[in-house]
Amino acid sequence: MLGAMDLFDDLQARGLIHDSTDRTALAERLSAGSISVYVGFDPTADSLHAGNLVGQVMLRRFQLAGHKPFPLAGGATGMVGDPGGRSDERNLLNRETLQANLAKIKVQLERLLDFSPGPQQAELVDNATWTEPMGVLDFLRDVGKHMTVNQMLAKESVKTRIESEHGLSFTEFSYMLLQANDFRHLREHHGVEMQMGGSDQWGNITAGIDQIRRRLGVASFGLTWPLLTRTDGQKMGKSVAGALWLDPDKTSPYQFRQYWMQLPDEDVERFLLQLTLRPVAEIAELMTEHRGDPGKRLAQRALAADVTAMVHGRAAAIAAEQAAGVLFGGDPLTASIEALEVVASEVPTTMVERADLADLVALLVRTGLATSNGDARRGIQQRGFRVNGRQVDPSQTAVHTEKPLHNRYILLRKGRSTFHLLEISPT
RNA sequence: GGGUCGAUGCCCGAGUGGCCAAAGGGAGCAGACUGUAAAUCUGCCGCGCAAGCUUCGUAGGUUCAAAUCCUUCUCGGCCCA
């Protein structure tokens, strides 16, 4: 466990500090004793995604170092939409959707942190609780009065949007004020001295610091981490299928784990540092070992194991690993029934009748492995499919030449890493 | 409101009466090589087993034949008011 003294250095070593208010002052404050710190998460979707993970882990790091984390759910800010990081106006979510999103996200925010009673107990807050009751005039007089438009216009996120063809609505323009007010509220009523966020949040954070200084006459701290990027240009946490969600119903633990497993070598060290709680020295050792034999993917394995366990729990992480072991390991023909059952729970599975096995093309379309009959035929022609681990010969039209595994399962594979399991109904 | 230019497949973009299911690039998919990575090379990339069918903003029209010509409408850029 990390002592308070080392936290700042540790963050620095992990490359987690992009911007911060006066570093020496911050480092001193952190070592002086426990501090309360918050990170906000807006309910823009019905689940958090991999991009939100750094923030959650950051709070955890602070908690482990003896500080008190405040995950904040943006029940109010989610109503408005942050103009940062996008070129066009956001569509407003209706209240029902927002409430549903909020409920799900709150559950996810509770996963990584320790909420058991104690001085470092995490506290989940929702900015709707203090923003909703505030009247327009209160808002204008109390919050708006302490911020000049000049200052707001100077913020990067506002500037880019004003220059864009879509413009910027007053609603989104006001977002910064709401966030600034959040910080002030938390400072005033919960003693939260520090706010953190991705580097795109810097403007909003400093707006809060200003707000606090003007209204409460005290200083506070801000810290941003660099946005996680992938060297291959792909958006972090976006797979081909879409976002990498933390909700197991939207992205299964198996798929989740696969994302990290398949990361390019160039990214894996950075991700280990920024996303896992492994000590820096241990990661350095691991990387040396990894470079000795990169084919073993030791670093990816470690990353995938840690992050999956963090989000989905130890048991789910192990199941996902076992499933991958069957799929990418040896011959599926030798897999045990138990192992196959794990696979069935992790990989998309379709129930079929024995008679369906006569038409391979139809099955490929039905399982989604091919988009059309023609696509399926082309794939077969190009030897892109495997049944139970054996490449499908272009002349083959049926599956039933293969013996079902344990008389029950047929494993379809497209290319390198796309699988689908057929379960033959017992009737 | 007037004028003008434009709208092509997932994206960009060529095509200005037949040789066009439509060049080229990107993305994507597969194969080879590998390490569940990257790079590279190869193939595929509207639907259909095929005959063929449906596509080039929309709706009509001219023609043996239209993405290409004419008209309507919708949307977008630019210029003028």
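Since the structure is predicted, the reported quantities are computational estimates derived from the model, not experimental observations. Lettering follows sequence order; numbering is per chain, from 1.
Remark: the separation of the P atoms in B:rC69 and B:rA7 is 10 Å, to the nearest Å. A gap of 15 Å separates the C1' atoms of B:rG57 and B:rU68, to the nearest Å. The separation of B:rG17 from B:rC10, taken at their P atoms, amounts to 26 Å, rounded to a whole angstrom. Taking atom C1' on both nucleotides, B:rC41 is separated from B:rU34 by 13 Å, rounded to a whole Å. B:rU55 and B:rC78: their C1' atoms are spaced 30 Å apart (whole Å). Between B:rG15 and B:rG6, the two P atoms lie 11 Å apart (nearest whole Å). One C1' atom belongs to B:rA32, the other to B:rU8, and the distance between them is 35 Å to the nearest Å. For B:rA22 and B:rU16, the C1' atoms lie 13 Å apart once the distance is rounded to whole Å.
Looking at heavy-atom distances under 4.0 Å, A:Asp293 makes no contact with the nucleic acid at all. Nucleic acid contact class of A:Arg413 (heavy atoms, under 4.0 Å, all strands): none.
Taking a 6.0 Å sphere around CZ of A:Arg23, one finds it holds more than 12 heavy atoms contributed by other residues, nucleotides or ligands.
Checking B:rC47 for Watson-Crick or G-U wobble geometry (two distances, each under 3.5 Å) identifies B:rG52 as its partner. Here B:rG24 sits opposite B:rC12 as a Watson-Crick or G-U wobble pair (both hydrogen-bonding atom distances under 3.5 Å). Of the nucleotides present, B:rG77 is the one that pairs with B:rU4 by Watson-Crick or G-U wobble criteria, both distances under 3.5 Å. Nucleotide B:rA39 is matched to nothing when pairs are restricted to Watson-Crick or G-U wobble geometry with both distances under 3.5 angstrom.
Checked against A:Phe419 for a ring pair (Phe, Tyr, Trp, His ring centres under 6.0 Å), the options A:Tyr409, A:Phe328, A:Tyr254 give a single hit: A:Phe328.
Salt-bridge annotation for A:Glu341 and A:Arg408: present, with a side-chain N of the basic residue lying under 4.0 Å from a carboxylate O of the acidic one. Salt bridge status for A:Arg95 with A:Glu132: present, with a side-chain N to carboxylate O gap under 4.0 Å.
For A:Asp375 and B:rG43, the CG to C1' distance is 14 Å, given to the nearest whole Å. Nucleotide B:rG52 holds its C1' atom 16 Å from the CG atom of A:Asn373, rounded to whole Å. Atom CG in A:Leu263 sits roughly 12 Å away from atom C1' in B:rA38 (whole-Å rounding). Atom CD of A:Glu346 and atom C1' of B:rU36 are 16 Å apart (whole Å). Note: CG (A:Leu412) to P (B:rA30) measures 14 Å, nearest angstrom. For the pair A:Asp265 CG and B:rU36 P, the interatomic distance rounds to 12 Å; values are reported in whole Å. Regarding A:Leu364, its CG atom lies at a distance of 20 Å from the P atom of B:rC44, rounded to whole Å.
Comparing atom distances between the A:Ser372 side chain and each of B:rA30, B:rG35, B:rC47 picks out B:rC47 as nearest. For A:Arg377, counting side-chain heavy atoms from C-beta on, the closest listed nucleotide (B:rG48, B:rU36, B:rA37) is B:rG48. Of the listed nucleotides (B:rG35, B:rU36, B:rC47), B:rC47 has the atom at the smallest distance from the side chain of A:Thr371. Taking only side-chain atoms of A:Gln391, from C-beta outward, the nucleotide of B:rA30, B:rU36, B:rA32 with the closest atom is B:rA32.
Checking A:Gln108 against A:Ser47 by side-chain atom types alone, a donor-acceptor pair falls below 3.5 Å. At a cut-off of 3.5 Å, with distance as the only test, no side-chain donor of A:Asp182 or A:Gln195 sits close to an acceptor on the other residue. Looking at A:Thr131 and A:Asn127, their side chains never bring a donor and an acceptor atom within 3.5 Å of each other. With no hydrogens or angles considered, a side-chain donor-acceptor pair links A:Asp393 and A:Ser395 at under 3.5 Å.
Each of A:Gly415 and A:Gly374 has a nearest nucleotide on RNA chain B; the 5'-most of these lies closest to A:Gly415. Nucleotides of RNA chain B nearest to A:Lys414 and A:Gln262 differ in position, and the one nearer the 5' end is that of A:Lys414.
Ring orientation note: the planes of A:Tyr38 and A:Phe183 are nearly perpendicular, at an angle over 60° on the 30°/60° scale. Relative orientation of the A:Trp260 and A:Phe256 rings is perpendicular, given thresholds of 30° and 60° on the angle between their planes.
RNA chain B lies under 4.0 Å from at least one heavy atom of each of the following residues of residues 378-386 of chain A: A:Arg378, A:Gln382, A:Arg383, A:Gly384. For residues 296-326 of chain A, proximity to RNA chain B is found at A:Arg297, A:Gln300, A:Ala324, defined as any non-hydrogen atom under 4.0 angstrom from a strand atom.
Between the A:Glu346 side chain and the A:Ala323 main chain, no donor and acceptor come within less than 3.5 Å of each other.
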